[in-house]
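One structure is given here, and the rest of the page talks about it.
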Amino acid sequence: MEAPERNLALDLARVTESAALSAGRWLGKGNKNAGDQAAVDAMRLSFNTLNIKGRVIIGEGEKDEAPMLYNGEEVGAGRGVAVDVAVDPVEGTNLLAYGRPNAISVVGIAPAGAMFNPGPSFYMKKLVVDHRAKNVVDLDAPVVDNLRKIARALEKDVDDLVVFVLDKPRHKELITEIRSAGARIQLHTDGDVAGSLMAVDPHCDVDVMMGTGGTPEGVLSACAIRGIGGQIFARLDPQSELERNRILEAGVDPHEVLTVESLVRDQDVFFAATGLSGGTFLPGVKYTGHGAITHSLVIRGKTGTVRYIESHHNWDYLMKFSALQYD
């Protein structure tokens, strides 16, 4: 028998809580860059307290032109275990800026070399289901066939199913096919990671996530799915000739069907997400005047342990030593 090791996911919760507490002040103020920067600054500072030798594989890279937590950056105290790091300080910057639900702060880590590096790929086609349906679906099967098989696996009728889809022009045909099959749809403007997590979280109403979203978000989602169970099937889906050419130049196979096992090639993963704007997934940051309340999802892949944490933060104590001004 192995002695229990340190659960780094609990440390990661402090990182996402810090980002949420800082970015939450920008809820509904219409300035997504300011909210994102507040989260990045808080997350970067919190990472410095962790005894890890981390390298950012999924970060605020070329796509977002972010000044910190960029792809390839080293994070952590520089000692301890070597890990790959996936971060999204604010997943859903527009959701936060306009006060819409399901903006979250997210971090995942895995042993060094375990994470799929998306390189120049920004978009991938995804199909996310919980563990009961992971062996019955096919990324290339007709939508109606997949929905029927998912319904059967979940012991439901197709018209009982709820499908998470990003409300984008590219999904016009997909939405029509889902409606024709008889399933119900939740349309979201943003929130790729949250959508994937809803599909595998038994506490949520979503049964399946379908459609094309971010490639980095797919890797981040896989960190959680490895621990919570379920499966993601994905294939790179470039949205421009430039993106397609860069993928080919990088030597990446754009036709390969990726799974949770190929996106994160080790079960010893850790994941944390903290709610920012509230909604159907995680409650948002609630400021009380003398502190704040946050809600987080914390996952350890090795043990399959999933925790839902409600944290009460007290400014009178926290501000005595915190380098960040939350109050």
Side-chain angles (χ1 to χ4, degrees), residues 8-9 12 15-16 54-61 63 71 83-89 91-92 102 104-119 121-135 137-139 164 166 191-202 204 206-237 247 252-254 256-273 281-282 297-306:
L8 290 173
L12 294 183
V15 175
T16 56
R55 185 170 73 95
V56 176
I57 302 297
I58 305 296
E60 304 262 282
K63 184 180 178 183
N71 296 346
V83 296
D84 289 343
V85 179
V87 299
D88 200 341
E91 205 254 335
N102 297 324
I104 57 177
S105 179
V106 192
V107 174
I109 64 175
M115 279 188 196
F116 174 78
N117 191 332
S121 173
F122 293 149
Y123 294 95
M124 59 167 40
K125 180 181 179 181
K126 305 173 191 176
L127 173 61
V128 183
V129 293
D130 87 351
H131 67 280
R132 292 168 294 174
K134 66 180 183 180
N135 295 320
V137 294
D138 186 327
L139 187 64
F164 180 105
L166 290 176
D192 215 328
V193 176
S196 294
L197 296 181
M198 288 182 207
V200 298
D201 188 338
C204 295
V206 171
D207 298 296
V208 53
M209 186 262 208
M210 291 181 165
T212 293
T215 305
E217 287 82 356
V219 180
L220 245 174
S221 300
C223 292
I225 295 170
R226 284 225 69 163
I228 204 170
Q231 184 58 276
I232 175 172
F233 297 97
R235 180 187 292 114
L236 303 187
D237 189 13
I247 290 171
V252 179
D253 181 3
E256 180 184 1
V257 175
L258 302 164
T259 66
V260 68
E261 291 82 12
S262 53
L263 291 171
V264 183
R265 297 181 297 274
D266 198 299
Q267 187 69 29
D268 197 14
V269 296
F270 302 91
F271 177 89
F281 180 46
L282 286 169
L297 169 68
V298 177
I299 301 170
R300 184 183 186 188
K302 188 174 182 178
T303 62
T305 303
V306 180

**Report entry** Heavy-atom closest pair, residues L139 and A234
**Finding:** CD2-C, 3.7 Å
Requested in this report: Begin from the C-alpha positions of L297 and V306 and carry the test side-chain contact (heavy atoms from CB on, under 4.5 Å) through to its verdict.
Outcome: CA-CA 7 Å; L297 169 68; V306 180; 3.4 Å; yes
**Report entry** D84 side chain to I57 backbone, donor-acceptor under 3.5 Å
**Finding:** no
Report summary line: Here the pair of heavy atoms bringing A273 nearest to I104 is CB-CD1, 4.4 Å
Query raised in the report: Can you name the one residue among I232, V129, D192, L127 that meets side-chain contact (heavy atoms from CB on, under 4.5 Å) with M209?
Result: D192
**Report entry** Donor-acceptor under 3.5 Å (R226 side chain, V269 main chain)
**Finding:** no
Query raised in the report: Could you give the distance from CG (L258) to CG (L236), rounded to the nearest 0.5 Å?
Result: 6.0 Å
**Report entry** Distance (rounded to the nearest 0.5 Å) between S105 OG and L282 CG
**Finding:** 11.0 Å
Report summary line: In this structure, CD1 of I109 is separated from CG of D268 (nearest 0.5 Å) by 8.5 Å
**Report entry** Closest contact, heavy atoms only, Q267 versus G301
**Finding:** NE2-O, 2.9 Å
Query raised in the report: If we only count heavy atoms from C-beta on, is the M124 to E217 side-chain gap below 4.5 Å?
Result: no
Query raised in the report: Are the side chain of N71 and the backbone of G59 linked by a donor-acceptor contact shorter than 3.5 Å?
Result: yes
Query - L197 to F271 - nearest heavy-atom pair and separation - result: CD1-CZ, 3.7 Å
Query raised in the report: Checking R265 side chain against G113 main chain: does a donor-acceptor pair fall under 3.5 Å?
Result: yes
Query raised in the report: Roughly how far apart are M210 CE and K126 NZ, rounded to 0.5 Å?
Result: 14.5 Å
Query - Residue pair C223 / M115, side-chain heavy-atom distance below 4.5 Å - result: yes
Query raised in the report: Is there a side-chain contact between K134 and V260, using heavy atoms and a 4.5 Å cut-off?
Result: no
Query raised in the report: Is the side chain of D266 donor-acceptor paired with the backbone N or O of A110 at a distance under 3.5 Å, no angle test?
Result: no
Requested in this report: Would you check if the side chain of T259 reaches a backbone N or O of F233 as a donor-acceptor pair within less than 3.5 Å?
Outcome: no
Query raised in the report: side-chain contact (heavy atoms from CB on, under 4.5 Å) between L220 and E91: does it pass, once the steps are laid out?
Result: CA-CA 11 Å; L220 245 174; E91 205 254 335; 5.8 Å; no
**Report entry** Distance in Å, R132 CZ paired with D207 CG, rounded so as to fall on 0.5 Å steps
**Finding:** 8.0 Å
Query raised in the report: If every non-hydrogen atom of A222 is compared with every non-hydrogen atom of V264, which pair is closest and at what distance?
Result: CB-CG2, 3.7 Å
Query - Flag side-chain contact, heavy atom, 4.5 Å: V206 against F281 - result: no
**Report entry** I58 to P118 - nearest heavy-atom pair and separation
**Finding:** CD1-CD, 3.4 Å
Report task. To the nearest 0.5 Å, tell me how far F116 CZ sits from S121 OG. Result -> 6.5 Å
